[in-house]
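Just below is one structure, and these are the notes that go with it.
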Amino acid sequence: MNRLDSVLTGALYGLLALGGVLLALIGSFSFGRSLLIAAALCALNLAAFRAAGWAVGTRTGALVPAAAWLTATGVLSLPRSEGDVIITSGAGGMLFLFGGAAAALIAAALTPATRSWLTGLPQ
C-alpha cells in the first residue's frame with residue numbers, strides 16, 4: 001500500500017465517521033416524535049452502517065461510522081450544567097440508543113471479513 005492509498009483510506013474513514021456523527025445528530029433531534037420514528041431511525045442506522053461496510057469491503061468500514069455514532073449519542077445523552085439533555089431517558093430515547101447500538105453490532109456481524117483478523121492475509 002503506497003502513501004496515496006493510505007491518505008485516501010484515511011479520508012474515506014474520516015468521511016464515514018462524519019456520516020456517523022450526522023446520523024446521530026439528525027436522529028437525536030427526531031426520535032422524540034414517536035416510537036415508530038425511533039424504530040425507523042434504528043433501521044436507518046443498520047442500513048447505513050451495513051452499506052458503509054459493504055462499500056469499503058471490511059468490518060472496519062461498518063465499525064467506524066458506528067463508533068462515531070455511539071460516541072456522538074453518548075455525548076448528546078449527557079445532561080448539561082443548565083439541566084438540558086438532548087436524548088432523554090424516555091421510551092423513545094432508550095429505543096434510539098439501544099436500537100442504534102444493536103444496529104451497529106448487527107451491521108458489523110453481517111459484514112463479511114475480507115482479511116483474517118489474526119494474520120491480515122486475504123481469506
Side-chain angles (χ1 to χ4, degrees):
M1 189 185 230
N2 61 21
R3 185 178 171 117
L4 179 62
D5 288 342
S6 298
V7 169
L8 291 176
T9 301
L12 175 64
Y13 285 140
L15 286 174
L16 289 175
L18 181 64
V21 170
L22 287 175
L23 273 175
L25 284 173
I26 291 168
S28 296
F29 290 104
S30 302
F31 76 88
R33 297 180 188 180
S34 73
L35 288 177
L36 185 61
I37 291 177
L41 288 168
C42 293
L44 176 68
N45 286 345
L46 176 63
F49 299 153
R50 180 63 188 99
W54 172 79
V56 176
T58 63
R59 285 192 178 136
T60 306
L63 290 174
V64 166
W69 184 89
L70 287 168
T71 303
T73 54
V75 169
L76 292 171
S77 65
L78 294 173
R80 297 179 28 170
S81 61
E82 296 87 15
D84 301 345
V85 67
I86 295 173
I87 300 177
T88 59
S89 62
M94 292 296 110
L95 176 63
F96 176 67
L97 286 175
F98 291 120
L105 292 174
I106 292 169
L110 290 177
T111 303
T114 56
R115 295 186 178 273
S116 170
W117 65 272
L118 183 61
T119 62
L121 299 173
Q123 292 185 344

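The first residue of the sequence shown is numbered 1, and numbering continues consecutively from there.
Taking the side-chain contact (heavy atoms from CB on, under 4.5 Å) definition, one finds that Leu76 meets it with Leu25, Ser28, Ile86, Ile87, sequence neighbours left out. Looking at residues two or more places apart in sequence or on another chain, you find a side-chain contact (heavy atoms from CB on, under 4.5 Å) between Leu35 and Ala91, Leu95. Residues forming a ring pair (Phe, Tyr, Trp, His ring centres under 6.0 Å) with Phe31 (at least two apart in sequence, or on another chain): Phe96. Qualifying side-chain contact (heavy atoms from CB on, under 4.5 Å) partners for Leu36, counting only residues two or more places apart in sequence or in other chains: Ser34. Residues that satisfy the side-chain contact (heavy atoms from CB on, under 4.5 Å) test with Ala68, not counting sequence neighbours, are Ala17, Val21.
Connection of Leu46 to Ile37 is not established within any shared hydrophobic cluster, with ILVMFWY side chains joined at heavy-atom distances below 4.5 Å, either directly or through further cluster members. By the rule that hydrophobic residues join a cluster once side-chain heavy atoms approach within less than 4.5 Å of another member, Leu22 and Leu44 end up as members of separate clusters. Connection of Met94 to Leu23 is established within a shared hydrophobic cluster, with ILVMFWY side chains joined at heavy-atom distances below 4.5 Å, either directly or through further cluster members.
Within the hydrophobic cluster formed by Ile, Leu, Val, Met, Phe, Trp and Tyr side chains joined at under 4.5 Å, directly or through other members, Leu4 is accompanied by Leu8. Under a 4.5 Å side-chain heavy-atom criterion applied to ILVMFWY residues, the cluster that includes Val56 comprises Leu12, Tyr13, Leu16, Val64 as well. Other cluster members for Val75: none, since no ILVMFWY side-chain heavy atom sits under 4.5 Å from it. Listed by chain and number, the hydrophobic cluster partners of Ile26 come to none, as no ILVMFWY side chain reaches under 4.5 Å of it.
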Quick one: side chains of residues 100-110, donor-acceptor pairs under 3.5 Å with protein atoms, not counting sequence neighbours, listed by atom name and distance.
none

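In terms of heavy-atom proximity, Gly61 sits nearest to Ala52 at O-CB, 3.3 Å.
Applying the side-chain hydrogen bond (donor to acceptor under 3.5 Å, both in side chains) rule to pairs touching residues 65-81 yields Arg80-Glu82, sequence neighbours excluded.
Between Leu63 atom CG and Thr111 atom OG1 the span is 7.5 Å, to the nearest 0.5 Å.
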